[in-house]
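Note that the coordinates shown come from a computational prediction; the quantities given were computed from them, not determined experimentally.
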Amino acid sequence: MRLSQILIQTLREDPADAEIPSHRLLARAGFIVKTAAGVYTYAPLMWRVVKKFAQIVREELDREGANEVMLPIIQPRELWESSGRWERYVTDGIMFTLKDRKGSDMCLGPTHEEVMTDFVSAQVNSYKQMPVNCYQIQDKFRDEIRPRFGLMRGREFIMMDAYSFDADKQGLDVAYQKMRDAYCRIFDRCGVDYTVVQADSGAIGGAGSEEFMVIADSGEDAILFCRESGYAANVEKASSRLPSAPDGGEPQPLEKHETPDVKTVAQLEAFFPEWVAGRMAKTVIYKATFAEEEKIIAVMQRGDLEINEVKLVNAIDALNVELASDEDIEKATGAETGFAGPVGLSEDITLLADKSLKGRANLLTGCNETGFHCLNVNLGRDAREPDYHDLRLARAGEGDPETGAPLQEARGVEVGHIFKLGTKYSEAMGATFMAQNGKPTPFMMGCYGIGVSRTPAAAVEQHHDEKGIVWPVPIAPFECVVAFLDKKRKEQVELAEQLYEDLRAAGVEVCLDDRQMSPGAKFKDHELIGLPIQVFVGRNAADGKVELLIRKGLQKTDCSAEEVVAKVCDALAAGRQ
RNA sequence: CGGGGCGUGGCUCAGCUUGGUAGAGCGUUGCGUUCGGGACGCAAAGGUCGGAGGUUCAAAUCCUCUCGCCCCGACCA
């Protein structure tokens with residue numbers, strides 16, 4: 001391929017709207033061009049990257065016997081009503097919807113559980129036909145509340161989604177493990193540093209779920225991990241050993257104290273110097289949204305710990321929770337914000353507590369009266385016993401749940417997610433097969449996604465320097481470029497052409513930079529574009545000498561023309577490690 | 001959706017406070033000189049100042065509305 005024939009337009013300056021390195025560099029190097037908020041055009045070089053990554057995905061999934069199919073982007077409302085998700089997705093505003101000429105509601109597929117389940121259940125009638133695993137690589141559409149970071153969170157994006165169908169739980173476990181193995185091979189192959197973490201299964205639902213995280217400071221997810229034990233979890237899901245707190249001692253009589261304007265745990269610690277946060281219990285009022293109603297609930301947590309809202313949603317099986325407004329709090333507790341507590345709390349309000357409070361004596365809490373707090377509160381004695389759940393947000397520095405070694409925190413970009421869905425969708429949609437016992441049985445499903453446009457962006461996030469992108473060899477748009485520097489020097493042009501042909505013949509994915517630019521401009525351009533191996537044919541061409549640049553580390557070495565093919569191949573092999 | 005900010009040649013931005021002939025750098029085109037770190041000279045093209053309405057003798061500039069985009073919080077590959 002000749003670069004003079006490839007549409008390639010690099011920018012001298014950083015685009016104004018790019019915040020993180022991958023967005024900035026992909027836009028500046030001309031790989032992506034914004035068409036609308038969260039909607040990008042993939043320029044030729046970017047499309048080559050995406051295709052190469054998609055090919056790795058295909059190869060590894062096909063090795064596990066998965067079938068590639070193509071599902072429709074435009075999907076009818078009825079299909080989404082059959083799983084009960086139309087209402088939810090429309091209410092959340094996450095789905096692009098449209099009407100056809102007859103006025104029928106359609107949507108642009110944000111995900112494909114429904115279509116795939118519908119398709120497979122029509123094809124598979126018997127347990128004898130399973131296991132089945134189908135996947136597609138396709139554009140998906142989500143009207144994200146806040147698209148950002150270029151390809152990281154777009155409204156139109158490319159995703160691989162696979163769905164496994166099994167007759168029973170054991171089959172699902174096998175399918176899940178096969179996909180997990182395939183995912184590991186995929187991310188190993190494309191040269192990103194990733195971690196598999198335990199995850200919350202979120203809106204898609206289901207039992208077990210793990211996320212594949214590319215570690216990067218700009219990642220939108222926080223993960224906690226322990227190198228020794230191998231434990232790793234999304235902070236939404238993570239648990240840890242409970243940090244210790246001073247014992248409350250024997251139950252003491254309840255006391256009520258005036259605490260004007262003392263509202264936060266920190267203020268209480270200052271106000272009651274002998275009461276540390278670990279002996280307090282804060283009571284947070286939430287508004288919980290359920291399918292049929294909204295409820296105000298009270299959630300207690302030890303004063304030195306935080307509430308994990310994802311765990312809270314799961315514990316009460318809500319669609320969503322959010323902090324209650326000051327008005328709602330006053331209505332619910334009769335006191336201003338900052339004085340809520342279990343003592344005297346209306347029976348109408350659900351009271352939950354984190355397990356860290358179970359059995360603890362003599363707590364300091366609010367008492368639902370503005371300007372007062374209670375000392376020596378004993379749950380069950382001075383207030384009703386709450387429902388105890390694990391509602392605690394695990395934090396870095398706390399002990400690994402197994403070994404007790406301190407957990408570390410990192411940011412990650414979620415590039416893959418695998419779920420054991422179970423029968424959630426097949427039951428809702430009535431998708432069944434005939435089981436061995438002669439009864440119609442819902443499919444046992446798994447679903448598996450990879451962000452196909454996001455992963456290369458995550459790779460750039462990990463592999464760049466101050467000059468530009470440093471593509472990992474397996475997903476680089478080309479493995480190597482040969483560039484002459486002075487178009488007027490015939491020997492340069494000829495030698496470059498020759499090396500280009502030699503490298504092609506040797507099976508190297510190489511391009512020839514035959515653009516008419518000054519040498520300095522070419523150097524800068526290639527530092528930015530970031531092809532792994534760069535061969536510059538310059539002033540020593542007449543002596544059969546060229547320069548070899550390894551983009552990673554920018555090591556430049558002189559090299560005789562005869563050695564180029566061997567050295568490039570060696571460097572590529574090293575780059576694939 | 002809440003809070004903040006920005007819309008001026010292809011890109012990055014100045015001009016707006018204090019209304020009075022639309023600017024710079026980069027990029028693009030032509031000619032010439034260069035040819036190892038985004039070269040130089042000369043010449044040139046290119047802008048409904050996001051849009052609509054209003055105030056005014058006069059609006060990029062002031063007011064109202066609207067659309068788009070970006071950033072901070074709740075969703076997710």
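- The A:Asn320 side chain lies nearest to B:rA74 when the options are B:rC69, B:rA74, B:rU34.
- With the nearest nucleotide of RNA chain B identified for both A:Ala37 and A:Thr10, A:Thr10 has the one nearer the 5' end.
- A gap of 48 Å separates the P atoms of B:rU55 and B:rC42, to the nearest Å.
- For A:Arg146 and B:rC71, the shortest distance from a side-chain N or O to OP1 or OP2 is below 4.0 Å.
- Each of B:rC69, B:rU34, B:rC71 was ranked by its minimum atom distance to the side chain of A:Lys487; first place goes to B:rU34.
- For A:Ala216, the side chain to side chain contact (heavy atoms under 4.5 Å, CB included) partners two or more places apart in sequence, or in a different chain, are A:Ser218, A:Val413, A:Glu461.
- When the side-chain nitrogen and oxygen atoms of A:Lys34 are compared with OP1 and OP2 of B:rC70, one or more of them lie within a distance under 4.0 Å.
- B:rC62 and B:rC70 have their C1' atoms separated by 25 Å, given to the nearest Å.
- Taking a pair to require two hydrogen-bonding distances under 3.5 Å in either a Watson-Crick or a G-U wobble arrangement, B:rG41 pairs with B:rC31.
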Along nucleotides 5-16 of chain B, 5' to 3', which nucleotides get a B, which get an S, and which get a -, given that the test is a protein heavy-atom distance under 4.0 Å?
-> ------BSS---

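- Cation-pi geometry between A:Lys178 and A:Tyr183 is not met at under 6.0 angstrom from the ring centre and within 45 degrees of the axis.
- Stacking is not found between A:Phe523 and the pyrimidine-like six-membered ring of the B:rG36 base under the 5.5 Å centre-distance and 30° plane-angle cut-offs.
- Counting only heavy atoms from C-beta on, A:Glu19 has its side chain closest to B:rC71 among B:rG36, B:rC71, B:rA77.
- A distance of about 40 Å separates the P atoms of B:rG20 and B:rG73, rounded to the whole Å.
- Of the candidates B:rC75, B:rG38, B:rG36, the closest approach to any side-chain atom of A:Asp525 belongs to B:rG38.
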